[in-house]
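Notes to accompany the following structure.
Note that this is a predicted model, so its numbers are computed, not measured. Chain letters run A, B, ... following the sequence lines, proteins first and then strands; every chain starts at 1.
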2 protein chains.
Amino acid sequence: MVVGMSPRNAESSRASLLIAGSQCFRREGFVSTTVDDICREAGVSKGAFFHHFASKEALAAACLEKWRTDMAAMDATAPYRSISDPVERLDGCMAFYVDILSRPGQLKSCLAGTIAQEVFDTNSTLRDASNQCFVGAESMFAALLRDAAKMRGVDIDVVGLAKHWTGAIQGALILYKASQDASVIENNLNHVRAYIMALLDTRKTE
Amino acid sequence: MVVGMSPRNAESSRASLLIAGSQCFRREGFVSTTVDDICREAGVSKGAFFHHFASKEALAAACLEKWRTDMAAMDATAPYRSISDPVERLDGCMAFYVDILSRPGQLKSCLAGTIAQEVFDTNSTLRDASNQCFVGAESMFAALLRDAAKMRGVDIDVVGLAKHWTGAIQGALILYKASQDASVIENNLNHVRAYIMALLDTRKTE
DNA sequence: ACAACCATACCAACCGGTCGGTATGGAGTC
DNA sequence: GACTCCATACCGACCGGTTGGTATGGTTGT
């Protein structure tokens, strides 16, 4: 064992709480979720909770931080990353997100979007932490766009389009939550995908 | 005076509660908002609240119903409705929404989107009521799309595009709430607008 | 022994909802 | 037109359950 790793399994408890917190927040929201809910789902006691996190808000902030790095890691290791052509790689990225967000089993809810909507007017700490998730996602997507645009020799607003893509995901998730019809995700994201691919096909002398 | 109109002003109290409820829910969400918050903002007592509404959920349901009809009424009487050319009317509609959603003073939050996100997994009544707002908005937009497509003689997926438009609004609102930067609304909606207008310009024999 | 780790009992604040009671004005009666 | 009767509208103290957070004591590894 390394230096840390004290009695019982501290890291395991902390990790369980982070996973359970994200899961609960994404399902029921930050306000509705109780500390007891999270403890039950994580299989730890309330004492363990407040040993590792100062408050429910602190756990949420840690969940958002983990969400941000997890998303970045998932993106960085996604299969589409091995595509060499920048335009195809961009298209592969969008196809990748359409795919994972349409998978039947998994929870169609973004931690950042959920928390941002709930606390934007009352808790600037969590609002900013949520925003960092979006900023991270947008900058990754913007980089893909930049490469693709450079290859095609077209001048497009990569930052604006990245926000458009991120927004489309958030909007699709909301419509899915209201309608419980997953097809809206594929539908909406593929429209953005087609739009972006069409922009890259634009001839400079149109 | 008509038949009703009993002591004090019942209709005024009820209306105040609906307005205050929508305002509070849009700002702080359904769960965070307390009945006392709403009463304070409406300037009525707690007794008056439960005289007019059976529960906080019942008020929210009434607010969503009002939101649906208010949005429909606003859309039906919007200036763009007087535009005779179907394509220009559609473009005017999108410009109209970009305009009102970018206005500095007003609260950039959709009641349906806020409540749907919070209760989709725990309260099917409110979820369905939220969904009706989206269904209504989509059908109105789909009708505009249908007319424009017919005039141009192009065949487009009007229902799917209407969902895309509605989703873009919801997504833009979330990104705004997180970033507090209103420019994302204009940015995102204008991308959808450009996409739709481009689709209408498609020659059938491309 | 000592510190990290965790369990349990507990607390005070809060919140949705209730309840007994009051105020207001209209309808019916004479 | 005064008087009774009653439905609607409203008030605000109160209640019971819930919730985030705490206090305290025990257990485990080093």
Side-chain angles (χ1 to χ4, degrees), chain A residues 1-25 27-64 115 118-119 122-123 125-126, chain B residues 1-25 27-64 115 118-119 122-123 125-126:
Chain A
M1 298 296 139
V2 271
V3 279
M5 211 55 182
S6 291
R8 277 282 162 74
N9 25 11
E11 278 315 305
S12 153
S13 290
R14 203 187 133 88
S16 296
L17 284 167
L18 285 171
I19 292 171
S22 269
Q23 199 80 358
C24 290
F25 293 148
R27 252 193 281 114
E28 308 189 22
F30 172 71
V31 185
S32 281
T33 297
T34 72
V35 174
D36 287 325
D37 283 342
I38 299 169
C39 292
R40 199 179 313 119
E41 182 139 336
V44 306
S45 72
K46 213 166 179 176
F49 183 103
F50 285 101
H51 173 73
H52 289 287
F53 300 98
S55 63
K56 180 178 155 186
E57 179 194 329
L59 172 73
C63 285
L64 283 168
I115 293 186
E118 277 186 287
V119 307
T122 52
N123 188 318
T125 303
L126 292 182
Chain B
M1 297 294 147
V2 269
V3 280
M5 213 52 185
S6 288
R8 297 276 157 71
N9 20 11
E11 277 317 305
S12 153
S13 290
R14 203 187 133 88
S16 296
L17 284 167
L18 285 171
I19 293 172
S22 269
Q23 200 81 357
C24 290
F25 293 148
R27 252 192 281 115
E28 308 190 22
F30 173 70
V31 185
S32 281
T33 298
T34 71
V35 173
D36 287 324
D37 283 342
I38 299 168
C39 291
R40 200 178 313 117
E41 181 138 338
V44 306
S45 72
K46 209 166 181 175
F49 182 103
F50 286 101
H51 174 74
H52 289 288
F53 300 98
S55 64
K56 181 179 155 185
E57 179 195 325
L59 172 74
C63 285
L64 283 167
I115 293 187
E118 278 187 287
V119 306
T122 51
N123 188 318
T125 303
L126 292 182

Rounded to whole angstrom units, what separation is found between the [atom1] atom of [X] and the [atom2] atom of [N]?
X	N	atom1	atom2	value
B:F53	C:dT18	CZ	C1'	18 Å
A:L17	C:dC6	CG	C1'	11 Å
B:F50	C:dG21	CZ	P	21 Å
B:F49	D:dA9	CZ	P	16 Å

From C-beta outward on [X], which listed nucleotide comes closest to its side chain: [options]?
X	options	value
A:A48	C:dA7, C:dA4, D:dG20	C:dA7
A:S13	D:dT8, D:dT22, C:dC6	C:dC6
B:S45	C:dC5, D:dC10, C:dT8	D:dC10
A:K46	D:dG20, D:dT8, C:dG16	D:dG20

## Note on the structure
Sorted by chain and residue number, the side-chain hydrogen bond (donor to acceptor under 3.5 Å, both in side chains) partners of A:T34 (sequence neighbours excluded) come out as A:D37
### Query
Closer than 4.0 Å, any side-chain N/O of B:K56 to the OP1 or OP2 of C:dG16?
yes
### Query
Is the shortest side-chain N/O distance from B:H52 to OP1 or OP2 of D:dC10 below 4.0 Å?
yes
Quick check for you: to the nearest 0.5 Å, what is the distance between [X] atom [atom1] and [Y] atom [atom2]?
X	Y	atom1	atom2	value
A:E57	A:L126	CD	CG	5.0 Å
A:R27	A:E41	CZ	CD	4.5 Å
B:E118	A:S32	CD	OG	6.5 Å

### Task
Take the C1' atoms of the five end pairs on each side of the helix from C:dA1-D:dT30 to C:dC30-D:dG1, get both axes, and report the angle to 10 degrees.
10°
### Summary
Residue pair B:H51/A:E57 against DNA chain D: nearer the 5' end by closest nucleotide is B:H51
### Query
Taking only residues two or more places apart in sequence or in another chain, which ones pass side chain to side chain contact (heavy atoms under 4.5 Å, CB included) with B:F49?
B:L17, B:V35, B:I38, B:C39, B:F53, B:L59
### Task
Go through the structure and list residues passing side chain to side chain contact (heavy atoms under 4.5 Å, CB included) with B:S45, not counting sequence neighbours.
B:A48
## Note on the structure
Sorted by chain and number, sequence neighbours left out, salt bridge (charged side-chain N to carboxylate O under 4.0 Å, His left out) with B:E28 holds for none
### With sequence neighbours excluded, residues passing salt bridge (charged side-chain N to carboxylate O under 4.0 Å, His left out) with A:K56
none
### Message
Can you pull out the residues from residues 32-41 of chain B that lie within a 4.0 Å heavy-atom distance of DNA chain C?
### Response
B:T33, B:T34, B:V35
### Pairs involving residues 42-54 of chain A, ordered by first then second residue, that meet salt bridge (charged side-chain N to carboxylate O under 4.0 Å, His left out) (sequence neighbours left out)
A:D36-A:K46
